[in-house]
Protein chains: 2
Amino acid sequence: MGNGAAGVTIYDVAQAAGVSIKTVSRVINGAPNVRPGTAAAVQRAIDDLGYRPNAAARSLAAGRNDTIGVIVDRLQDPFFGQIVAVAEARALELGMDVLVASTGVEGHRATAHLARLVQRGVAGMLIAPFGDDDPIWREIPRDRPVVLIDRRCGVQGLDVVRADDEQAAKAAVEHLITHGHKRIAFLGAPLRFSTVSDRLDGYLAALAAHGIPADPTIIETHCADATDSTQLLRPRLDAAAPPTAVFSSTPMIAEGVVRALALAGRRDVAHVAFGDFPLADVTSPPTTVIDQCPETLAHAAMDRLLARISGTELAPEDIVLPTRLIPRGSGELLPPPDAPQTRNDMKRTKVTAMEVRQ
Amino acid sequence: MGNGAAGVTIYDVAQAAGVSIKTVSRVINGAPNVRPGTAAAVQRAIDDLGYRPNAAARSLAAGRNDTIGVIVDRLQDPFFGQIVAVAEARALELGMDVLVASTGVEGHRATAHLARLVQRGVAGMLIAPFGDDDPIWREIPRDRPVVLIDRRCGVQGLDVVRADDEQAAKAAVEHLITHGHKRIAFLGAPLRFSTVSDRLDGYLAALAAHGIPADPTIIETHCADATDSTQLLRPRLDAAAPPTAVFSSTPMIAEGVVRALALAGRRDVAHVAFGDFPLADVTSPPTTVIDQCPETLAHAAMDRLLARISGTELAPEDIVLPTRLIPRGSGELLPPPDAPQTRNDMKRTKVTAMEVRQ
DNA sequence: AAGACTCTTGACAGCGCTGTCATCCAGTCG
DNA sequence: CGACTGGATGACAGCGCTGTCAAGAGTCTT
């Protein structure tokens, strides 16, 4: 009984139960071929002594480990919070634990974390790679299961579970176009995030599909955080030919956009954000979002990771999950009747992603 | 060079460097009394072979462990996200790792997690206990450092790091009173959270200090989540003598309050929330909050935990940190000039916490 | 009834590392 | 110049557990 005096070992249990340590080991691990009576006696001894197997000894002896590592940017971000929460819940079902590692907003700690988790002997890792072609990710160990979530990275041969960024962004922008918008600003995080890059492609594809020229002056991809998006959107709202709608490429950026609009007292600018966020439904007007269903993503990624950990052989796959648009009001605003036409209407008809990316 | 083929052991390094494993061990651990030349040779061998010490073997042999466990309600909650983030950052500084455990919104998994973390041999734990007098917390092992954060729990003899809930709540309510409010609703999570209980005490103390009778009909302590607070506030707004101000006891509840007010189109109800939350500044009107500075709390808790882990002897302490009120608008609204007087003005002058808690 | 199995159980050798204690050697000192 | 000191290094015994292999005890065949 009682709260397990530390220091109780398998030997103590064996002695108390009058069996060998191996039998105790069998009982602990639910191994077959132990007579019920023996198992019961051992179990009683375990309970009486408050024995808890030593995880370190166990993983040393068995050579395996029931810990998985999760690497994300920021634990504070609800998106990643949800991912870690799902990972933890799923791991728990299998009696595994989760070691968290956040790379920080610049990804500085990524390399160190990768090394640490390997050293810790994690059975597998769930990684939201920070930055697309960052050489850091080349260091991802290939000797154990790794699943990338949310973002791709330059590395080949790994499972990736992500939202259909390009299609979803395209759908979002078309949603705005359908409501009559032609000047739609793109506010994005840096393009080294594969997600943002894909979303920009979707944005451009939507414009192109509707014969709307892309205007580089309202495409911003240098927002590191919400403060940036607020500050970078502000002057554009006051410009000669202001956008009548804004597409935010991430929830964080959307936060800054909502703030910029609120500060400017503008309720006439349409807004669709990629990624749902808390209180999106009570902004004025409520923010229309693309829900990328972080939990679904996380579950899919964990399915994959846990399958690999349990030994299933799988070919690396790029799993792209659908998203859904949640219209709440801001994305359904119509442009003002006197909205100026696109400034460059006559001059050019197409901007390629390449050009924009300069 | 290269990405450390797993399976390289200290023996391989020793052989490559022409020394004994013990010397390698010394180098790895930065032990004194190793000739610089020897150390350099060993280091070279380590680098060449891509050797990484096996954490399991290490903690088994040394009997210590450089992992700390953090138990919180929900990782998705930015408040806890911040706490875990700080814990992780601080742990990393010392080369330690963080094992996360979320108890779920009802705290169901708490016991299991406690056991798991102990079994994993964590060096210490940071726990945000769910529920005050929940017997679960009696199971907290006393054989290793534990620091409680944010909330107390029935257990004695443990460090607690928390905000000054009662004083902060009192200040918040007095802030409303100063602006002329007399009918101030209290929306709270269940009182088994020590924080909520303390905040209710602060609320009652503020009313009492100003001779305002507490009205149990506008004191609600059964909000499990934001949905509840929305639904429970709604009818009260339409009641005969509606509150002219609302005090939300947690950010989650505040979210529901903001939503209820937005849905009802009410911008005239003053609102002060305990705990800052994202976009609080862009609600209509912007939400006045008490910032409990989660990061500061987390740092203070980690200071304590890491000190204990490193062997410092400390008497258990209840560390209460100050908060600050951030006026943003909603808390500074004045009550309507024709606001009805408190319904019970003549009938009673004081409600004790006891009564309210029925 | 002896051989062939199957089910239970145990002895024992590590897993990779650290702590303890012994050893060796270059200086120091009386 | 021999005893003495302290730094540098290594031999070795575990840490607590699991995997392997063998042995003992029944059970089933023919």
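We use all heavy atoms of the structure for the numbers below, so side chains are in, but hydrogens, waters and symmetry mates are not. Naming: A, B, ... by sequence-line order, numbering from 1 per chain.
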- Selected nucleotide, minimal atom distance to A:L60 side chain, candidates D:dA11, C:dC15, C:dT9: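 Nearest listed nucleotide: C:dC15.
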- Message: Any heavy-atom pair between the side chains of B:T67 and B:V98 that's under 4.5 Å?
- Response: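 No, every pair of side-chain atoms sits at 4.5 Å or beyond.
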- Task: May I ask you to test the A:T103-A:V72 pair for a side-chain heavy-atom distance under 4.5 Å?
- Result: no
When you check the phosphate oxygens OP1 and OP2 of [N], does a side-chain N or O of [X] lie under 4.0 Å from one of them?
X: A:R35; N: C:dT9; value: yes
X: B:T23; N: D:dA8; value: no
X: B:S20; N: D:dT9; value: no

- Item | Length of the line joining A:N33:CG and C:dG10:P, which is rounded to integer Å | 14 Å
- Note on the structure: Protein-proximity profile, nucleotides 17-23 of chain D, B/S/- by nucleotide at the 4.0 Å heavy-atom cutoff, equals BBBB---
- Flag, side chain of B:R144 to backbone of B:M125, donor-acceptor distance under 3.5 Å: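 The answer is no, because no donor-acceptor pair under 3.5 Å joins these two groups.
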- Do A:H299 side-chain atoms and A:V86 backbone N/O form a donor-acceptor pair below 3.5 Å? no
- Distance only, no hydrogens: is a donor on one side chain within 3.5 Å (strictly under) of an acceptor on the other, for B:R109 and B:S102? yes
- Query: Heavy atoms under 4.0 Å, any strand shown: does B:S59 hit a base, just sugar-phosphate, or nothing?
  - Reply: nothing
- Task: Flag the pair A:R120 and B:D66 as a salt bridge only when some basic side-chain nitrogen lies within less than 4.0 angstrom of an acidic carboxylate oxygen.
- Result: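 Judged by the 4.0 Å cut-off on N to carboxylate O distance, A:R120 and B:D66 do form a salt bridge.
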